[in-house]
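One structure is given below, encoded as structure tokens.
Just the heavy atoms: all of them, side chains too, but no hydrogens, waters or symmetry mates, feed the values below. In listed order, ligands and their atoms are each counted from 1.
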Amino acid sequence: MRPTGPLHLGHLTGALDNWVPLQDQYDCFYCIVDWHALTTDYADPSKIRENILEVAYDWLAAGLDPKRSALFIQSDVKEHAELHLLLSMVIPVSWLERVPTFKEQQQNLQDRDLSTYGFLGYPLLQTADIVVYKADAVPVGEDQAPHIELSREVVRRFNHFYGPVFPEPQTLLTPTPRMPGTDGRKMSKSYNNAIYLKDPPDVVRAKLKPMVTDPARVRRTDPGNPDVCPVFDLHRAFSPKASQDWAAEGCRTAGIGCLDCKGRLTDHLLERLSGIYARRAEYAARPDTVWDILREGAGRARAVAAATIDEVRAAMRIKY
Ligand code: SF4
């Protein structure tokens, strides 16, 4: 995960809620990718340090467990960079140019010069992040699946030249429920429409109150359609079935007003966030402990990554 700042509800339902249970089934490596942050934010890296800490607080608060999983910072494990370099010898530039997000992001972020070598190589660095642990599976949403496909192609080409060093990582498709922001567009920090895991209850209430609803429901007496209402998407993610049914029925019959509907949603959401608030506050009071957790995680990751690099160097005949 890139350290772009505190995490919001979209990160919770799209990533963390999937990652936490994986800890019961796999040896997990969760990495805060600061080098990836530099691929787009190289001109102003001043926030990266602070953002790493914000991400780590949210991870720990959401239930990632440093006793079971390695939680670490990418640049603390230099083997990622070495493997990226070695893979870059083998992979044609055209493979990277055709990654869908390459052109897309260049167009979306026109205020920055993304004609850099690092930005082009971003998916290859991501491949190194994955295969340096010989990962069997990578939990991603559908939009990230092409990147994992590229990783598999890279592995096949590498193994073709140097023998079977890497397993092909599988895509572990994880559900990413639609998570609209308060303006109805996709929840995103850059749209300024996000509800953050660290937002206190009064801020959550204040953000949800004016949230856009079914645009056709203008008056309290107009029946609405929950299927086109962003508030109802949040009900689907955070409310129990009984409250979802209450909201859908009340909406369609104009039996409830939008403020009633948002009020019930807010209660359920705050109930869900209460455990996160408590754990986050504990960690945020002890940043040194969190840096220690990340360093310890890097140590565990490095042991695995170093063994892989050893094997890679031998396979490439550069182990002396
Ligand atoms: S009642 Fe609820 S679901 Fe219906 S339009 Fe209002 S906020 Fe949306």
Side-chain angles (χ1 to χ4, degrees), residues 1 4-21 54 58 61-63 108 139-144 173-281:
M1 189 178 273
T4 51
L7 305 185
H8 55 61
L9 298 181
H11 297 113
L12 180 66
T13 57
L16 297 172
D17 279 352
N18 296 314
W19 294 3
V20 169
E54 294 285 356
D58 285 330
N108 286 348
V140 289
E142 224 154 336
D143 57 327
Q144 281 287 317
L173 263 194
T174 48
T176 42
R178 215 182 96 73
M179 186 54 58
T182 49
D183 61 359
R185 294 185 292 173
K186 187 180 167 170
M187 189 175 285
S188 161
K189 184 184 170 193
S190 45
Y191 292 154
N192 200 16
N193 66 359
I195 296 173
Y196 294 98
L197 305 187
K198 72 175 203 177
D199 281 344
D202 53 327
V203 173
V204 173
R205 273 181 211 288
K207 284 184 175 178
L208 281 177
K209 228 177 195 173
M211 180 162 176
V212 300
T213 61
D214 171 5
R217 191 170 189 209
V218 181
R219 286 174 296 266
R220 165 73 175 75
T221 48
D222 295 337
N225 179 2
D227 294 331
V228 299
C229 176
V231 173
F232 197 73
D233 285 323
L234 298 193
H235 267 300
R236 281 200 185 92
F238 297 106
S239 299
K241 179 83 173 53
S243 285
Q244 289 181 37
D245 292 347
W246 167 85
E249 161 76 13
C251 179
R252 289 201 173 94
T253 58
I256 59 168
C258 290
L259 281 179
D260 306 322
C261 185
K262 290 171 177 174
R264 177 86 66 108
L265 165 68
T266 310
D267 293 343
H268 291 306
L269 176 57
L270 290 177
E271 205 178 299
R272 172 72 213 278
L273 291 179
S274 63
I276 293 181
Y277 289 147
R279 284 189 296 273
R280 200 183 199 282

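Contact check on R219 versus D222 returns a salt bridge, with a Lys/Arg side-chain nitrogen under 4.0 Å from an Asp/Glu carboxylate oxygen. A salt bridge links D233 to R236: one of the charged nitrogens lies within less than 4.0 Å of a carboxylate oxygen. Under a 4.0 Å N-O distance rule, the pair D245/K241 qualifies as a salt bridge.
Side-chain atoms of P139 and N18, non-hydrogen and from C-beta on, never get closer than 4.5 Å to each other. Looking at L234 and L269, their side chains never come closer than 4.5 Å, going by heavy atoms from C-beta outward.
For atom 4 (Fe) of ligand 1, protein N/O/S neighbours under 2.8 Å (waters excluded) are C251 SG.
No cation-pi contact links R272 to F238, judged by a cut-off of 6.0 Å to the six-membered ring centre and 45° from its axis.
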